[in-house]
Amino acid sequence: MHPKHNLEKILPIDRSNVGCLNMRRVVSRVIDTEILSVGGSGAAVTAAIYAARKNSKVTIVSKGKIGYSGNIIMAGGGFGIDGESGKNILNLPVANPEFTKEKLFDCIVKEGFFLCDQNMVEQYVEDSPTIAKEYLGWAERANQEYYFIPPATWIGSGKSFSKPLIQGLREIDGIEILEDVTIVELLTKDNVITGAIGIDIYTGEIILFRAKAVVIATGGFQPFSKNNTVSDMTGDGVAMAYRAGAILTDMEFIMGMPTALVPHNMKGSIYPFVFEYNMRKLPFTIRDNFGNSLNIPEKIVKLSRGNKLSKLVSTYYLGNAIENGLAGENGGLFYDYSENSLSDKINAFDSYYNRFDKWHKHGYYNGESLDEVEKMIYEDIPLEVGIAFEYSLGGVEVNEKMETAVKGLFVAGEASSGVFGACRIGDGLTEMLCQGMRAGISSADYCQDTCKIECDDIQIEEKMTGILKYFENRNGKNPIKIFKEIRKTCDNGFGIIRTGEKLEKALQKILILKEEIKGASLDCAAPEYNNQWLRAIEAENLLVCCEAGIRAAIERKESRGVHLRKDFPHVNNDEYIIKYLFSKYDNDMKMETRKPKITKVSLPIGKKASVIEYFLDEELNYKR
Amino acid sequence: MKVIINRYDPITKKKYAQCFDVPVIQDKKLTLMDVLDYISENLDSTISYYKHSVCNHGICGRCLLDVNGYTKLACLAIANEYSELILSPAKGRIIVKDLVTRK
């Protein structure tokens, strides 16, 4: 017998209403607030703090633990601002003022293949010194130390970056905090935010939030089996915003980077890139499964090795080698350090630990021992490294105030789109902090001029039916299997190197899964920590993101940034410096296009043979 | 590998043990998170274990559970080091469902 949803658990009242499922009665708690900040990482926390400073009543709701939910804890690099502000605003004598705001702006636009909305880049450049100064104050009071490198970049660990956020929250009174609660739907009336619906993950209880404004800061989406993010990157906020009437852009761009495949228990660790970035005196050769070098031109190695451009370069070369059947048994290529002498290796590790022992137990990266990895490098055994995904460039379209197409809905951090265009070399941490700050200020200003609008009861009922349908469905597919199929579909058709044929096939499968998830059913009736229920909701969100991403990738018949087409390898500036926009139109996804917003740098014309040739073009005059 | 999970059903409030057979290749190290994912995806999708907001690399410290009598993180503990696994909710915490606990 199929289990019946345990309504008694979340409907502690009149059982006679069970038949008609009066949804208002399924709500266990109602929380009234002004600004609901959704997320547990840099953007949500800074938004909450800055809104509260403007005397707004703020509630922050995190799917996990504040500071430990979201991608900030996965950080392996750092965050930075322009060197001029580093010297003049942060008073750092070691900052390099030659790397000015103008240079930072110019770099981001070029790194983004001119697809950045330049008003968003300006916001990033202009606001980042203010929030960096504030954040470093929290860090100091939380006893966190960073390693400074010019022009003005701070290197640390995930935990060392999350603790200042907790400190910042401690220093301000009045913010209501809910942890382990996932927001699953936004509520609107006439395209204006009225609140949101959440689920307490442990109890399964439904919480109704009534709010004037919502800040979505829930991160991006990762539909691939190889990724190095926290487990929550299922596009929840992006898809909710889309359903509420917001527009999605740049969804075809998902950033990959070199990531561990061995030892098998460390798969998903970013130690290969952390080594490359921090042990620059330890060169390596990348080899295929037959031992042959990938022959990455020396000038490309020189341009990218040890800096963040290497993420794109590695994705390009490793991706093509994998596509050509040259990968090892785990799907990766091989980093060979044998050209280094024993003393070079010892010195490199000494220098690495000298820097990283501040944040990690000696011999460890995060919680994992590096013993086996070190042994392989010392014994000249190549390390199998793959490309795993870390960051979605696409998301909700916002302006420089973090406003969306829905009144009262603000989006910040990775869930937004626009700053980095088609490729991110700039810092995701800086993005989350400066956009969070701006969203907090803008949402507080909005609330001061706005009256709260009552939630629409009919909409609440509709949304609740959608959330609870999985308990009522019978003989549907298992959501956990559907989630696995999404990943398999995206690995095969939407992954590193794309073709029109594979993308079309992936889209057809995604559309089938989209239908199947609606009828998915659960094998367990308990609402308490019901993995199938949570996965079903996440799968529904992820499918929205995948559909938009794949549709855009099909239309974009060129290569640009991290969108690499085998059938269209060239960068086509004449036809494709356009953004694909997606909005909800009845039950369909409507697609439109527009040019990126330009404030300073004009758009180039012509074609380049590949994304690599784009960077080598002297006319680009790219120098970070 | 034989994996016994000591489960808890919050509806009936009953504890019970369930046994699973999980394929483990000796030279390919699996974490307990891999084992639980395998069971969830292939054998029984009703098992609850920490899967939300987890980092998989020993950073967040959320996936605590009891492994053959010792408290471990599911993302760091290596399954291959055991001949048989008995997984239980972490001691001293309130059991929510199966292996999920809270303070």
Side-chain angles (χ1 to χ4, degrees), chain A residues 3 6 8-9 40 62-65 67-71 73-74 157-159 162 179-180 182 201-204 228-232 262-271 330 364-369 372 478-481 483-484 522-532 534-535 538, chain B residues 7-14 24-63 72-81 89 93-103:
Chain A
N6 184 20
E8 203 166 14
K9 285 280 164 194
S62 172
K63 195 168 177 180
K65 288 272 174 264
Y68 288 78
S69 176
N71 276 335
I73 56 165
M74 308 306 285
S157 70
K159 268 189 187 175
S162 72
E179 295 178 317
D180 299 302
T182 178
I201 291 173
Y202 288 123
T203 63
N228 49 48
T229 66
V230 290
S231 60
D232 290 341
V262 292
H264 191 256
N265 56 300
M266 287 182 80
K267 63 191 175 306
S269 167
I270 58 167
Y271 77 74
N330 298 301
Y364 282 71
Y365 182 65
N366 291 321
E368 294 165 327
S369 167
E372 211 167 320
N478 178 352
I480 288 175
K481 290 201 187 295
F483 198 90
K484 202 177 167 189
L522 314 180
D523 301 313
C524 174
E528 290 91 345
Y529 211 104
N530 189 320
N531 268 340
Q532 278 184 308
L534 297 173
R535 267 300 188 228
E538 289 173 341
Chain B
R7 303 187 62 173
Y8 171 71
D9 180 345
I11 297 177
T12 60
K13 302 198 186 317
K14 280 186 183 158
V24 174
I25 303 164
Q26 265 320 311
D27 60 354
K28 208 167 195 174
K29 287 183 185 172
L30 291 184
T31 64
L32 295 190
M33 190 64 90
D34 293 328
V35 168
L36 291 167
D37 284 344
Y38 180 87
I39 294 170
S40 175
E41 288 172 5
N42 300 288
L43 305 175
D44 186 343
S45 293
T46 68
I47 61 159
S48 291
Y49 57 105
Y50 270 103
K51 198 62 193 166
H52 81 289
S53 282
V54 292
C55 68
N56 260 333
H57 299 285
I59 313 167
C60 69
R62 306 204 82 201
C63 54
K72 305 262 181 190
L73 289 176
C75 69
L76 294 183
I78 307 294
N80 312 53
E81 291 171 1
R93 292 167 65 91
I94 300 161
I95 306 172
V96 175
K97 183 173 182 287
D98 300 337
L99 301 173
V100 178
T101 57
R102 63 191 305 181
K103 276 185 188 168

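Numbered from 1 within each chain, the chains take letters A, B, ... in sequence-line order. Values reported hereafter were calculated over all heavy atoms of this structure, with side chains retained and with hydrogens, waters and symmetry mates removed. Since this is a predicted model, take the numbers as computed values, not measurements.
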| message | Checking the side chain of B:Ser53 only, and the main-chain atoms of A:Ser69 only, is there a donor and an acceptor separated by less than 3.5 Å? | response | no
| remark: What one should report as the nearest heavy-atom pair of A:Gly367 and B:Leu76 is O-CD1, 3.5 Å
| Are B:His52 and A:Tyr529 close enough, and set up right, to give a ring-ring contact (aromatic ring centres under 6.0 Å, His included), and what steps lead you there? | CA-CA 10 Å; B:His52 81 289; A:Tyr529 211 104; 5.4 Å; yes
| Contacting moiety of B:Leu73, where chain A heavy atoms sit under 4.5 Å | neither
| message | Restricting to non-hydrogen atoms, name the atom on A:Asn531 and the atom on B:Lys51 that form the minimum distance, rounded to 0.1 Å. | response | OD1-CB, 3.9 Å
| query | Quick one: do B:Asp34 and A:Lys267 make a salt bridge, cutoff under 4.0 Å? | reply | yes
| message | Heavy-atom cut-off 4.5 Å, strictly under: side chain, backbone, both or neither for A:Asn330 against chain B? | response | side chain
| task | Check whether B:Thr12 gets within reach of chain A through its side chain, its backbone, both or neither, counting any heavy atom under 4.5 Å. | result | neither
| message | Nearest 0.5 Å, please: how far is NZ in B:Lys29 from CD in A:Glu372? | response | 4.0 Å
| request: Check whether any side-chain N or O of B:Ser45 sits under 3.5 Å from a backbone N or O of A:Ile480 as a donor-acceptor pair, and report yes or no. | output: no
| Using a cut-off of under 4.5 Å for heavy-atom pairs, which of A:Pro479, A:Ser269, A:Gly67, A:Gly158 has the most such pairs with chain B? | A:Ser269
| task | May I ask you to name which of A:Gln532, A:Met266, A:Glu538 has the most heavy-atom pairs under 4.5 Å with chain B? | result | A:Gln532
| said: I'd like to know which of A:Tyr202, A:Tyr365, A:Phe483 tops the heavy-atom pair count under 4.5 Å against chain B. | reply: A:Tyr202
| said: Applying the side chain to side chain contact (heavy atoms under 4.5 Å, CB included) criterion to A:Glu528, which one of B:Val96, B:Val100, B:Ile95 satisfies it? | reply: B:Val96
| field | Heavy-atom proximity to chain A below 4.5 Å, by part of B:Asp98 | value | neither
| note | Heavy-atom nearest pair, A:Asn366 first then B:His57, reads CB-O, 3.5 Å
| query | Is it the backbone or the side chain of A:Ile73 that comes under 4.5 Å from a heavy atom of chain B, or both, or neither? | reply | both
| query | Using non-hydrogen atoms only, which part of A:Lys63 is less than 4.5 Å away from chain B: side chain, backbone, both, or neither? | reply | both
| query | Hey, is the main chain of B:Val54 close enough, under 3.5 Å, to the side chain of A:Ser231 for a donor-acceptor pair? | reply | yes
| message | Less than 4.5 Å to any heavy atom of chain A: does that hold for the side chain of B:Lys97, its backbone, both, or neither? | response | side chain
| query | Considering only heavy atoms from C-beta outward, does the side chain of B:Ile25 approach that of A:His264 to under 4.5 Å? | reply | no
| query | Non-hydrogen atoms of chain A under 4.5 Å away: do they reach the side chain of B:Ile59, the backbone, both or neither? | reply | both
